[in-house]
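Just so it is clear, the values below take in all heavy atoms, side chains as well, and ignore hydrogens, waters and symmetry mates. A note on names: the letters A, B, ... follow the listed sequences, proteins ahead of strands, and every chain is numbered from 1. Keep in mind the model is a prediction, meaning the values are calculated, not measured.
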Number of protein chains: 2
Amino acid sequence: MKDPDIGAVARASGLPASTLRYYEEIGLIASSGRKGLRRLFDPGIYERLALISLGRNAGFSLQEIGAMFAQDGNPRIDRAQLHDKADELDRLIRRLRAMRDGLRHAAECPAPSHLECPTFQRLLKAASADMKRGKSKGK
Amino acid sequence: MKDPDIGAVARASGLPASTLRYYEEIGLIASSGRKGLRRLFDPGIYERLALISLGRNAGFSLQEIGAMFAQDGNPRIDRAQLHDKADELDRLIRRLRAMRDGLRHAAECPAPSHLECPTFQRLLKAASADMKRGKSKGK
DNA sequence: GCTTGACCTCAAGTTCACTTGAACTCGTAA
DNA sequence: TTACGAGTTCAAGTGAACTTGAGGTCAAGC
């Protein structure tokens with residue numbers, strides 16, 4: 001298997017070539033060389049892209065993700081940082097669960113208007129509290 | 001209680017005045033009148049803002065939220081839409097839970113490098129699958 | 001009467017994560 | 001040999017959700 005060019009990586013990863021170029025531009029990935037003009041990538045790119053996707057799913061920004069790689073290209077993930085992120089996800093999940101339950105309830109609630117439904121009112125109260133505390137960034 | 005001006009609403013809601021003006025500009029909220037130049041808001045604004053915050057927490061865009069109000073200003077929330085959103089939240093929550101568990105595991109994993117840990121590899125595999133399927137928008 | 005502070009408008013700027021377009025260079029197939 | 005498709009660069013544009021800045025208006029307090 002020769003080193004894939006950008007088209008091959010794009011097809012295999014599902015990411016558009018423009019995104020791959022962008023990722024390279026911001027230093028998130030690197031091409032292993034050129035053949036003429038064309039970038040070639042090391043097959044390790046797939047793992048790297050998977051790591052990036054993982055980070056994105058967990059709600060990290062591209063910057064944060066970039067900071068998680070050592071110069072040698074290996075992940076350098078601080079275990080404490082992982083714990084922090086897991087805790088943050090926990091909080092987010094709790095909020096989302098409450099939201100989901102509230103939505104579901106509102107969808108079924110027999111009150112003529114959502115505004116008159118006690119559960120909906122509870123949701124509203126929670127939402128306005130969130131608003132005041134400044135929302136933690138969900139993904 | 002006189003109708004609050006933008007400063008009062010800002011203090012009470014925790015939202016910057018610039019945001020309130022912006023919300024008004026895009027038609028998401030309305031001021032009830034002016035006293036000289038200054039906007040005055042109807043006290044109902046707080047409920048409205050809570051509804052908006054609720055929508056934002058649930059992952060709706062400001063546009064979508066705007067569409068949820070009837071011209072009379074009352075919420076006009078489609079029950080089917082609520083169900084859809086709840087289902088979407090469910091899917092998001094599942095993904096986030098998996099992510100959280102994976103992070104937590106990785107933080108504890110004794111493997112010398114995350115890349116060698118089977119659980120982490122499973123996460124990676126899932127992430128690259130997500131990547132290929134095109135991510136559903138989380139909030 | 002003058003200053004101050006809170007408000008106003010309007011246009012432009014910001015961040016994030018990309019995408020798009022114009023103009024160019026290759027290698028390959030007809 | 002020429003045409004084509006897939007790559008290239010660089011600059012500019014996109015969209016969401018705001019923020020910032022310049023310059024202006026007002027009511028209140030000293």
J.: Any salt bridge (charged side-chain N to carboxylate O under 4.0 Å, His left out) involving residues 27-38 of chain B? Give me the pairs, sequence neighbours left out, ordered by first then second residue.
T.: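 Checked against salt bridge (charged side-chain N to carboxylate O under 4.0 Å, His left out) - neighbours excluded - no pair reaches residues 27-38 of chain B.
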J.: Rounding to an integer number of Å, can you tell me how far B:Leu62 CG sits from D:dT19 P?
T.: 11 Å
J.: Closer to the 5' end of DNA chain C via nearest nucleotide, is it A:Lys35 or A:Glu25?
T.: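 It is A:Glu25 whose nearest nucleotide is closer to the 5' end.
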J.: Please state how far atom CG in A:Leu20 lies from atom C1' in C:dC18, giving the value in whole angstrom units.
T.: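 Between C1' of C:dC18 and CG of A:Leu20: 12 Å.
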J.: Return the value, rounded to whole Å, for the distance between atom CD1 of A:Ile26 and atom P of C:dC18.
T.: 8 Å
J.: Within a 6.0 Å radius of atom CD on B:Glu116, are there more than 12 heavy atoms belonging to other residues, nucleotides or ligands?
T.: yes
J.: What residues, two or more places apart in sequence or in another chain, satisfy side-chain hydrogen bond (donor to acceptor under 3.5 Å, both in side chains) together with B:Gln81?
T.: none
J.: In whole angstrom, what separates A:Tyr22's OH from D:dA11's C1'?
T.: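 Computing the A:Tyr22:OH to D:dA11:C1' distance gives 15 Å.
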J.: Work out which heavy atom in B:Lys85 is nearest to a heavy atom in B:Gly59; give both atom names and the distance.
T.: NZ-O, 3.4 Å
J.: Scan A:Thr19 against the nucleic acid and name what it touches under 4.0 Å (heavy atoms): base, sugar-phosphate only, or nothing.
T.: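 Sugar-phosphate contact only.
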J.: Could you tell me which residues satisfy side-chain hydrogen bond (donor to acceptor under 3.5 Å, both in side chains) with A:Asp90, sequence neighbours excluded, listed by chain and number?
T.: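 side-chain hydrogen bond (donor to acceptor under 3.5 Å, both in side chains) check on A:Asp90 returns B:Arg100, B:Arg104.
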J.: Hey, is CD on B:Gln63 packed in by over 12 heavy atoms from elsewhere, all under 6.0 Å?
T.: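 No, because the 6.0 Å sphere around CD of B:Gln63 holds 12 heavy atoms or fewer from other groups.
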J.: Please collect all side chain to side chain donor-acceptor pair (under 3.5 Å) contacts where either partner lies in residues 14-24 of chain A, sequence neighbours excluded, each pair once.
T.: A:Glu24-A:Ser31, A:Glu24-A:Arg39
J.: List the protein contact pattern of nucleotides 3-13 of chain C with one symbol per nucleotide (5' to 3'): B for base contact, S for sugar-phosphate-only contact, - for none; contact means a heavy-atom distance under 4.0 Å.
T.: ---BSSB----
J.: Going by the rule side chain to side chain contact (heavy atoms under 4.5 Å, CB included), which residues pair with B:Tyr46 if we only count those two or more places apart in sequence or in a different chain?
T.: B:Pro4, B:Val9, B:Ala12
J.: I'd like a table of donor-acceptor pairs (distance under 3.5 Å, sequence neighbours excluded) in which one partner is a side-chain atom from residues 117-128 of chain B, with atom names and distances.
T.:
| from | atom 1 | to | atom 2 | distance (Å) |
| --- | --- | --- | --- | --- |
| B:Thr119 | OG1 | B:His105 | NE2 | 3.2 |
| B:Gln121 | NE2 | B:Leu115 | O | 2.8 |
| B:Ser128 | OG | B:Lys125 | O | 3.2 |

J.: Report the distance from atom NZ of A:Lys2 to atom C1' of D:dG7, rounded to the nearest whole Å.
T.: 17 Å
J.: What's the angle between the local helix axes at either end of the helix from C:dG1-D:dC30 to C:dA30-D:dT1, using five pairs per end and rounding to 10 degrees?
T.: 30°
J.: Is any side-chain nitrogen or oxygen of B:Tyr23 closer than 4.0 Å to OP1 or OP2 of D:dC18?
T.: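 Yes, within the criterion.
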J.: Please report the distance, rounded to the nearest Å, between CZ in A:Arg56 and C1' in C:dA17.
T.: 7 Å
